[in-house]
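Okay, structure first, notes after.
Below, chains carry the letters A, B, ... as their sequence lines are ordered, and counting in each starts from 1.
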2 protein chains.
Amino acid sequence: MSAPHEKKDTPANFEEVDQIDLKIMEVLQKDARITNQALADRVALSPSACLRRVRDLETRGLISAYRAQIQVDKMRSVTIVMAHITFSQHTIKNLHDFDACIETLPEIVESYRVSGNVDYILRVVVPDMHAWKRIMTVLVNGGFGVEKIVSHFLMDQIKTFKGYKLIQKPGD
Amino acid sequence: MSAPHEKKDTPANFEEVDQIDLKIMEVLQKDARITNQALADRVALSPSACLRRVRDLETRGLISAYRAQIQVDKMRSVTIVMAHITFSQHTIKNLHDFDACIETLPEIVESYRVSGNVDYILRVVVPDMHAWKRIMTVLVNGGFGVEKIVSHFLMDQIKTFKGYKLIQKPGD
DNA sequence: CCTGAAATCCACTATTG
DNA sequence: CAATAGTGGATTTCAGG
């Protein structure tokens, strides 16, 4: 899948974006439902030019989705777990099957492969601890070679995700 | 801050939502830029009734924002760190100052307080490891009583956040 | 790549059931 | 609470630089 005879080992050639693109994404990160007109004003472009850029950012995959941020905990009791998974056997098949299993469980809302002692970090949102126990059972007994799971239960979300820092201000 | 003489220890009274509200949020979670008309169709409501519900969900804080999901890694090299912070002294002042410090650092995109050995889990997005080292220095030497920081470097995001499971399908 | 105009299409607000 | 209808405004396409 990778290009042959690469000089540098920076594998992906990055998508080119200019300052206006960054500004557009910065605005849409904070308010995805802004009208195209208002967005065009903010970035000092005509609405049609602005829309073309937005569509382009979408097709290039730089904007991958627009999502409403839901506060689930305001309507029901939830327990959130950061789970650390360690494997005993890191076969490709095991990891692949594990990924596929995780994909089927909507309670596991995020999954990262990490370096170091821990192999995976999962973010899990469940109604209660019992639901988490059931999912743990699936992960441990699924035949993926999971050695152990360490669970960190969330007490408080102090800083919620509000977007990435896209534009470097002078003085950073 | 907590109400006195509570019978149950479920402290917050949750916001009431019906099936249509859930369906609305489910749709907006997947596509926040859907037009109100199309949304109204999806939930089998007239546009005006639908819009009223959306506005209501917003003012009640169940929908807290609409955000474009940006794939930063497609336009530049980034290193993502899950950092575990342990405190030596858990004074309220220390934790409060620490929270305030984190709020000022845009590279720290999420922060959770957790139970157990670890006190905080941070998700950090930086250009390179050196930038993370600089932030670590700030956190350790900031006089917050931070004892140690364990860094987990992300190799791969296997499952990205695509929203919560809001509606219980039969058979769960 | 941009602007600007023209033709949809939509959001939002009564008004009514 | 929900549906319907009207209008001011937004989205989108297209011609032209």
Side-chain angles (χ1 to χ4, degrees), chain A residues 12-72 74-76 162-164 166-169, chain B residues 12-76 163 166-168:
Chain A
N13 0 8
F14 296 117
E15 292 282 337
E16 301 243 336
V17 290
D18 63 13
Q19 285 302 113
I20 297 179
D21 289 330
L22 288 174
K23 182 75 185 161
I24 286 174
M25 290 189 279
E26 197 184 59
V27 171
L28 287 175
Q29 234 182 181
K30 295 201 182 97
D31 176 15
R33 296 213 52 151
I34 192 174
T35 65
N36 183 55
Q37 285 209 349
L39 178 59
D41 278 353
R42 294 275 298 272
V43 302
L45 232 55
S46 70
S48 58
C50 184
L51 184 64
R52 187 150 13 84
R53 274 168 180 270
V54 171
R55 289 288 119 89
D56 202 44
L57 292 168
E58 289 168 5
T59 56
R60 286 155 71 197
L62 292 165
I63 298 175
S64 58
Y66 301 95
R67 298 192 189 286
Q69 207 163 65
I70 307 299
Q71 303 302 116
V72 200
K74 285 206 172 178
M75 54 186 176
R76 51 171 90 132
K162 298 186 201 76
Y164 301 111
L166 298 178
I167 298 176
Q168 249 62 18
K169 272 101 187 175
Chain B
N13 4 4
F14 296 116
E15 293 283 335
E16 300 243 335
V17 290
D18 62 14
Q19 285 302 113
I20 298 179
D21 290 328
L22 288 175
K23 182 74 184 162
I24 286 172
M25 290 189 279
E26 198 184 58
V27 172
L28 287 176
Q29 234 182 180
K30 295 202 181 97
D31 176 14
R33 295 212 52 146
I34 191 173
T35 64
N36 181 56
Q37 288 204 350
L39 178 60
D41 278 353
R42 295 276 297 273
V43 303
L45 230 55
S46 71
S48 62
C50 183
L51 186 62
R52 185 148 20 84
R53 275 168 180 271
V54 171
R55 290 288 118 89
D56 202 44
L57 291 168
E58 288 169 4
T59 56
R60 287 155 70 196
L62 292 165
I63 299 174
S64 58
Y66 301 95
R67 297 191 190 286
Q69 207 163 65
I70 308 297
Q71 303 301 118
V72 201
D73 56 313
K74 286 206 172 178
M75 53 186 175
R76 51 172 87 134
L166 298 177
I167 297 177
Q168 249 61 18

When you measure from the side chain of Gln29(A) to the backbone of Tyr164(A), do you find a donor-acceptor pair of N or O atoms at a distance under 3.5 Å?
yes

Counting distance only, does the side-chain N/O of Arg76(B) pair as donor-acceptor with the main-chain N or O of Leu166(A) below 3.5 Å?
yes

Looking only at non-hydrogen atoms, find the nearest pair between Ala68(A) and Ala32(B) and report the distance.
N-CB, 3.7 Å

Under 4.0 Å: is that the gap between some side-chain N or O of Arg53(B) and OP1 or OP2 of dA2(D)?
yes

Close N or O pairs between protein and nucleotides 4-8 of chain C (under 3.5 Å):
{"from": "dG4(C)", "atom 1": "O6", "to": "Ser48(A)", "atom 2": "OG", "distance (Å)": "2.9"}

Can Leu22(B) and Met25(B) be said to form a side-chain contact (heavy atoms from CB on, under 4.5 Å), step by step?
CA-CA 5 Å; Leu22(B) 288 175; Met25(B) 290 189 279; 4.1 Å; yes

Within this structure, what is the CG-to-P distance between Leu45(B) and dA2(D), rounded to whole angstrom?
6 Å

Can you tell me how far P of dA11(C) sits from CZ of Arg55(B), to the nearest Å?
9 Å

Which parts of residues 17-39 of chain B get close to DNA chain D, meaning a heavy atom less than 4.0 angstrom away?
none

Closest of dA3(D), dT12(D), dT3(C) to the Arg52(A) side chain is dT3(C)

Evaluate side-chain contact (heavy atoms from CB on, under 4.5 Å) for Lys23(B) paired with Glu26(B), printing each intermediate quantity in order.
CA-CA 5 Å; Lys23(B) 182 74 184 162; Glu26(B) 198 184 58; 3.8 Å; yes

Atom pair CZ (Arg53(B)) and CG (Asn36(B)), whose distance is rounded to the nearest 0.5 Å:
12.5 Å

From Asp41(B) CG over to Ile34(B) CD1, what is the distance, rounded to the nearest 0.5 angstrom?
8.5 Å

Met75(A)/Ile70(A) under side-chain contact (heavy atoms from CB on, under 4.5 Å): CA gap, chis, key distance, verdict:
CA-CA 10 Å; Met75(A) 54 186 176; Ile70(A) 307 299; 4.0 Å; yes

Would a 4.5 Å heavy-atom cut-off, applied to side chains only, mark Glu15(B) and Asp56(B) as touching?
no

Decide yes or no for Leu57(B) and Val17(B): does some side-chain heavy atom of the first lie under 4.5 Å from some side-chain heavy atom of the second?
yes

Is it the case that atom CZ in Arg42(B) sees more than 12 heavy atoms from other parts of the structure closer than 6.0 Å?
no

The helix from dC1(C)-dG17(D) to dG17(C)-dC1(D): angle between terminal helix axes, five bp per end, to the nearest 10 degrees, reads 30°

Here's a test of your reading of the structure: between Leu51(B) and Ala44(A), which maps to the more 5' nucleotide of DNA chain C?
Ala44(A)

